[in-house]
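Let me begin by presenting the structure, written as structure tokens, before commenting on it.
Keep in mind that what you see is a predicted model, and the values were worked out from it rather than measured. No hydrogens, no waters, no symmetry mates; every other heavy atom, side chains included, goes into these values.
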Amino acid sequence: MKKKISLLLVVLMLVTFMPMSMAVSREKAVVSTQKFTVNGKAEYVDAYIIKGKNYLKLRDVAYALKGTKAQFDVGYDEQKNLIMLETNKPYGDSAGNITRTSDNYYMAAMQDMNLLVDGKEKKIRSASIFGYNYIELRNLAELIGFDIDYDAPTRTVVIKSEKLKMPCKLKFDLEDFDGNKFNIADILSEHDYTFVNVWGTFCGPCRNEMPELAKLGEDYKDKVGFIGIVRDVKPLTDSSSSTDKNIRDLTISDAKNILSKANAKFKNYVSTQEAKAFLDTLITGIPTSFIIDSEGNVVDTLIGASASGNYERYKRAIDKYIK
């Protein structure tokens, strides 16, 4: 009877410790040659395919998702000896280093790793390669909350997470022809992207392309914001003379005539001192057109005008940013 009890205790001990000793297995990890995009933007990440599933470094994914609703930061809880993820917080570091050699595959140590997600302990499938932990991408997507798709023709892993709306970094005002002020952040907030044409009444190429801009503005009025800024209407200051004011009024009158002749219906503005200072850092000549997102980032710059036409050139630039 004592022998049976002793044998039973041994079996129980083996069963108890078996998950810890057998939790780690070894699998072939093949270097991934697939492409990865986040909201359409290409991301270069260190990835491996293990049994048909993608494994990436946590820090690479955190870096790629920064600025989206699925963004998360990566840290370490020293008391619990666990990696911790904090959601809704931007990752504060750069992407991880690429850790490959000339070989195309490696043997990875596989295990279910414990980590903290917003203070709650979770399990996630991981692979240890060269001492780095790689996380199963779809498993992480379920924990954090982002979408994954696969485009077979281009062999692209498509990651999607709605982009966060950040406050506009531009702080200046623009004025309409009647002297009413409009904050640039309010103007840009009306669309994800705004086409901004900076032109002058004295500029021949500016006047020549205005009919094309008028057509472009009508064709895209429901898709992007579309405004003009008349560069040669100088801002008034406390020291402006009556002559300065008269010249300003005459220039605004010329601008109205040019716009009317071209049947341009998009809104046009003139610069304040602050707006002029901002444009002075960007403008080397006119016409110059910008595509600016709602956060105030200049995402594209188109300098000059072609004598052979500009509609298609501007259209191609805009089409890159609209869905």
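Phe202 and Leu213 sit in two unconnected hydrophobic clusters of ILVMFWY residues. Membership requires side-chain heavy atoms under 4.5 Å apart, directly or through other members. Using a 4.5 Å cut-off between side-chain heavy atoms of Ile, Leu, Val, Met, Phe, Trp and Tyr, with links allowed through other members, Val298 and Leu170 fall into the same hydrophobic cluster. Tracing side-chain contacts under 4.5 Å through hydrophobic residues (I, L, V, M, F, W, Y), one reaches Val45 starting from Leu85; they form part of the same cluster. Under the 4.5 Å side-chain heavy-atom criterion for grouping Ile, Leu, Val, Met, Phe, Trp and Tyr, Tyr269 is not connected to Leu236 through any hydrophobic cluster. Tracing side-chain contacts under 4.5 Å through hydrophobic residues (I, L, V, M, F, W, Y), one never reaches Leu174 starting from Leu259; they form parts of separate clusters.
Only one option out of Thr251, Asp232, Asp254 pairs with Thr201 in a side-chain hydrogen bond (donor to acceptor under 3.5 Å, both in side chains); it is Asp232. Results of the side chain to side chain contact (heavy atoms under 4.5 Å, CB included) test with Glu121 over Asp77, Leu115, Asn114 single out Asn114 as the only residue that passes.
Side-chain atoms of Ser306 and Arg313 form no donor-acceptor pair, as typed in the model, at a separation below 3.5 Å. Checking Tyr63 against Glu43 by side-chain atom types alone, no donor-acceptor pair falls below 3.5 Å. Asp186 and Ser189 are not linked by any side-chain donor-acceptor pair at a separation below 3.5 angstrom, with hydrogens and angles left out of the test. Of the N and O atoms on the side chains of Tyr220 and Asp319, at least one donor lies less than 3.5 Å from an acceptor on the other residue. Checked by atom type, the side-chain pair Asp244/Ser241 shows a donor-acceptor distance below 3.5 Å. Side-chain contact of Asp173 with Thr272: a donor-acceptor pair under 3.5 Å is absent, judged by distance alone.
No side-chain heavy atom of Pro287 sits under 4.5 Å from any side-chain heavy atom of Val198. A heavy-atom distance below 4.5 Å is found between the side chains of Ile229 and Val196. Within the 4.5 Å cutoff, the side chain of Ser294 has no heavy atoms near those of the Tyr193 side chain. When side chains are defined from C-beta on, Met110 counts as touching Ile50, because their heavy atoms get closer than 4.5 Å. At a threshold of 4.5 Å between non-hydrogen side-chain atoms, the residues Ser126 and Tyr134 do not count as touching. Two residues are said to be in side-chain contact when any heavy atoms from C-beta on lie closer than 4.5 Å; Thr288 and Leu282 fail this criterion. Residues Val158 and Ile148 have side chains not in contact (no heavy-atom distance under 4.5 Å, counting atoms from C-beta outward). A 4.5 Å side-chain heavy-atom check between Trp199 and Asn268 finds at least one atom pair inside the cut-off.
In this structure, CD1 in Ile303 is found 4.0 Å from OG1 in Thr284, a value given to the nearest 0.5 Å. For the atom pair CG of Asn54 and CG of Asn139, the computed distance is 13.0 Å after rounding to the nearest 0.5 Å. Atom-to-atom distance recorded for Lys276:NZ and Lys234:NZ is 6.0 Å, nearest 0.5 angstrom. The NZ atom of Lys163 sits 13.5 Å away from atom CG of Leu65, with the distance rounded to the nearest 0.5 Å. If you take CD1 on Ile252 and CD on Glu175, they are separated by 8.5 Å, rounding to the nearest 0.5 Å. The line from CG of Leu188 to CG of Asn183 is 9.0 Å long, rounded to the nearest 0.5 Å.
Here the shortest heavy-atom pairing between His191 and Thr194 reads CB-OG1, 4.4 Å. Contact detail for Leu116 and Lys80: the closest heavy-atom pair is CD1-CD, 4.0 Å. When all heavy atoms of Val24 and Ala109 are compared, the closest pair comes out as CG1-CB, 4.0 Å. Considering every non-hydrogen atom in both Cys203 and Ile286, the closest pair reads SG-O, 3.7 Å. Contact detail for Gly67 and Gln71: the closest heavy-atom pair is N-OE1, 2.9 Å. Summarising the geometry of Ser161 relative to Thr68, their closest heavy-atom pair is OG-OG1, 3.3 Å, with the distance given to 0.1 Å.
In summary, Arg231 and Asp280 engage in a salt bridge, as defined by a charged side-chain N under 4.0 Å from a carboxylate O. For Lys215 and Glu212, the salt-bridge test fails: no basic side-chain N is under 4.0 Å from an acidic carboxylate O. Of the charged side-chain nitrogens involved, at least one lies within less than 4.0 Å of a carboxylate oxygen, so that Glu218 and Lys221 count as a salt-bridged pair. Ionic pairing of Asp149 and Lys160 is not present here: no N-O contact between side-chain nitrogen and carboxylate oxygen is shorter than 4.0 angstrom.
Among pairs with a residue in residues 272-311, those fulfilling ring-ring contact (aromatic ring centres under 6.0 Å, His included) read Phe172-Phe278, at least two apart in sequence or across chains.
A donor-acceptor pair under 3.5 Å is formed between the side chain of Asp118 and the backbone N or O of Thr87. Between the side chain of Asn246 and the backbone N or O of Ser242, at least one donor-acceptor pair lies under 3.5 Å. Judged purely by atom type and a 3.5 angstrom limit, Asn208 uses its side chain to pair as donor or acceptor with the backbone of Gly204. Judged by distance alone, the side chain of Ser32 and the main-chain N or O of Gln34 form a donor-acceptor pair under 3.5 Å.
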(message) Determine whether Ile159 and Asp147 satisfy the following criterion, side chain to side chain contact (heavy atoms under 4.5 Å, CB included), listing intermediate values before the conclusion.
(response) CA-CA 6 Å; Ile159 300 173; Asp147 297 324; over 6 Å; no

(request) Could you walk me through whether Leu216 and Asp219 pass side chain to side chain contact (heavy atoms under 4.5 Å, CB included), step by step? (result) CA-CA 5 Å; Leu216 194 73; Asp219 291 347; 5.6 Å; no

(request) Using the side chain to side chain contact (heavy atoms under 4.5 Å, CB included) rule, take Asn297 and Ile292 through it: C-alpha gap first, then chi angles, then the decisive distance, then the call. (result) CA-CA 5 Å; Asn297 300 301; Ile292 305 179; 5.8 Å; no

(request) Apply side-chain hydrogen bond (donor to acceptor under 3.5 Å, both in side chains) to the pair Asp151 and Thr154, showing each step before the final yes or no. (result) CA-CA 6 Å; Asp151 184 60; Thr154 60; 2.3 Å; yes

(message) As a quick check of understanding, evaluate side chain to side chain contact (heavy atoms under 4.5 Å, CB included) for Asp293 and Asp192, giving each step before the final call.
(response) CA-CA 6 Å; Asp293 68 18; Asp192 289 337; over 6 Å; no

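Residues Phe36 and Tyr44 keep their aromatic ring centres 6.0 Å or farther apart. When ring centroids are compared, Phe226 and Phe266 come within the 6.0 Å threshold. Tyr48 and Tyr55 have their aromatic ring centers separated by at least 6.0 angstrom.
Note that Lys66 lies outside the cation-pi zone of Tyr91, set by a 6.0 Å cut-off to the ring centre and a 45° limit from the axis. A cation-pi geometry, defined here as NZ or CZ lying under 6.0 Å from the six-membered ring centre and within 45° of its normal, holds between Lys57 and Tyr132.
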